[in-house]
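Residue numbers start from 1 in every chain, and the chains themselves are labelled A, B, ... in the order their sequence lines are given, proteins ahead of strands.
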Amino acid sequence: MNKRVVVTGLGVIAPGAAGKDAFIHLLKSGCSGIRFFQDLKELEFGCCIGGRPVTEDHAFFPYIGKLGLEPATAIIHYALLAGLEAWTDAGFKIPEPGSDEVDYDTGIMIGSGTGPADIWAARTIPLTDSKNIKRLRSTIVEHSMLNGASATLCGLLGTGNQCTANASACSTGNEAIIGAFERIRCGKAIRMLAGASEATSPYCWSPFDALRVTTREYNDRPEKGSRPMSAGASGFVPSGGAAVLVLEELESAVKRGATVYAELCGGAVNSGGQRRGGSMTAPSSEGVIRCIKEALCDASVSPADIDYISGHLSSTMADPLEIANWVSALDRGGKNFPQVNSTKSLIGHAVGAAGAVETTAAILQMYHGFLHPSINCEDLHPAIADLIDEHCVVRETISNVDIRCAAKASFGFGDVNSCLILKKYRHG
Amino acid sequence: MDNVFKEVKEIIRKYAFDKKLVDEATEKSRIIADMKINSARIVDIVLDIEEKYGIDVDDKSIQKIHTLGDAVAVVKEKSGN
């Protein structure tokens with residue numbers, strides 16, 4: 001029999017929000033975490049704005065020094081901070097150094113989109129090219145491997161269940177949560193730390209700049225650059241950070257008397273196969289619609305039950321197509337469309353971490369009964385206005401709202417899709 | 001006690017989980033077995049020694065380093081002390 005899975009811990013580090021409480025404040029205030037960066041200008045980026053988290057402001061920042069992780073990739077830094085925050089938020093302790101206990105019931109799945117490109121660029125490649133290989137030192141592998149974030153948290157917390165890192169471009173975070181959820185649901189783990197982490201070095205962002213998918217029109221107005229669903233959207237704003245969720249079997253959470261933020265009822269991942277309108281860089285509507293429908297079916301939720309959609313909505317020309325896909329998948333348009341917003345409007349597109357950070361935002365909104373504004377879409381794209389009533393787009397913070405059921409989707413290069421369904425937890 | 005011994009000990013100390021084991025170490029103490037240094041960190045210890053004394057420790061010499069005394073001997077041999 002399937003186990004029920006709930007969220008009992010949340011940790012986050014996002015642009016403009018170092019920690020869960022700061023993130024709630026950012027979401028409620030609708031303040032942009034996007035800034036102009038001089039290093040990008042000097043490197044002649046087309047897009048000189050972005051979102052970079054400030055690790056020093058996070059409560060768990062001292063752990064980076066304590067563990068000697070200063071030279072490690074930012075995906076380890078960000079995931080460590082978010083992971084420790086989530087773990088302690090769930091009511092667990094960080095083991096004392098030297099502890100010999102192994103927790104075989106807990107696993108870790110923390111992915112990344114571009115991975116440890118920052119360290120490869122800053123150390124591995126230059127030191128190899130200059131024939132200084134030994135100067136990479138002994139920690140280079142653990143500091144620059146894709147699963148470095150999961151492995152670091154595993155070592156610190158003594159987790160003995162699956163410890164891995166996934167990668168599926170901008171769908172990575174959602175995919176990690178769904179993968180971890182499925183592991184608990186089928187009884188292979190009691191709890192999982194699940195999420196994703198993305199570095200913010202120029203070397204992570206230059207490929208997107210080369211592809212001209214990031215906006216070049218808002219370098220003088222950084223906070224206006226990320227404008228999902230707007231007629232003036234001209235490309236996404238790159239960002240990064242991490243979010244980690246503690247997913248736990250309901251029975252265990254109840255037994256511990258843990259805070260339950262939400263129930264994760266189901267999810268689906270698929271690919272459009274890069275056919276029928278889909279390609280390496282564009283989503284197939286058929287694939288997206290199937291994914292959303294499969295997630296609803298997996299969660300035993302009807303389209304009419306969805307109160308709120310946390311969209312992928314990245315501030316590109318694909319936004320109207322995404323809304324059209326939601327309308328088709330749910331068979332709900334006009335005034336009947338659920339409330340929708342895009343967390344990317346506030347913090348940019350955290351690439352692989354986006355799904356994890358935005359799912360965290362969705363859960364916090366459900367738990368605290370508010371919806372954050374999707375900023376910069378006062379000029380709603382006309383193709384979106386044709387599909388749904390403009391009041392369905394949350395443009396001002398809505399307080400005291402009862403969100404019972406939410407859908408969170410992410411889509412990524414490779415024509416990959418993911419959708420998960422969250423419900424407010426009610427006893428019984 | 002000579003300076004090289006003290007300096008090499010200080011280098012090793014950076015990589016020790018239990019600093020006390022290094023503080024109490026003698027020339028005969030084994031770096032991995034007695035001082036509980038992670039074997040992967042030998043690479044860093046050798047690099048620090050090379051940088052401190054401006055010497056080049058070849059692979060053959062690295063293989064000879066088991067005890068604190070071995071490390072001191074390599075430094076003295078290479079630096080002509």
Enquirer: Tell me the residues of residues 56-76 of chain A whose non-hydrogen atoms fall below 4.5 Å from those of chain B, in number order.
Expert: none
Enquirer: Can you list the residues of residues 129-161 of chain A that sit under 4.5 Å from chain B, counting heavy atoms only?
Expert: A:Lys134, A:Arg135, A:Arg137, A:Ser138, A:Thr139, A:Glu142
Enquirer: If you count the non-hydrogen atoms of other residues, nucleotides and ligands that lie under 6.0 Å from NZ in B:Lys19, is the total more than 12?
Expert: yes
Enquirer: Do you know which two heavy atoms are closest between A:Pro97 and B:Phe17, and how far apart they sit?
Expert: CB-CZ, 4.0 Å
Enquirer: Please collect all salt bridge (Lys or Arg N to Asp or Glu O under 4.0 Å) contacts where either partner lies in residues 78-102 of chain A, sequence neighbours excluded, each pair once.
Expert: A:Lys20-A:Asp89
Enquirer: Could you please state which residues from residues 103-127 of chain A sit under 4.5 angstrom from chain B, measuring non-hydrogen atom to non-hydrogen atom, sorted by number, or 'none'?
Expert: none
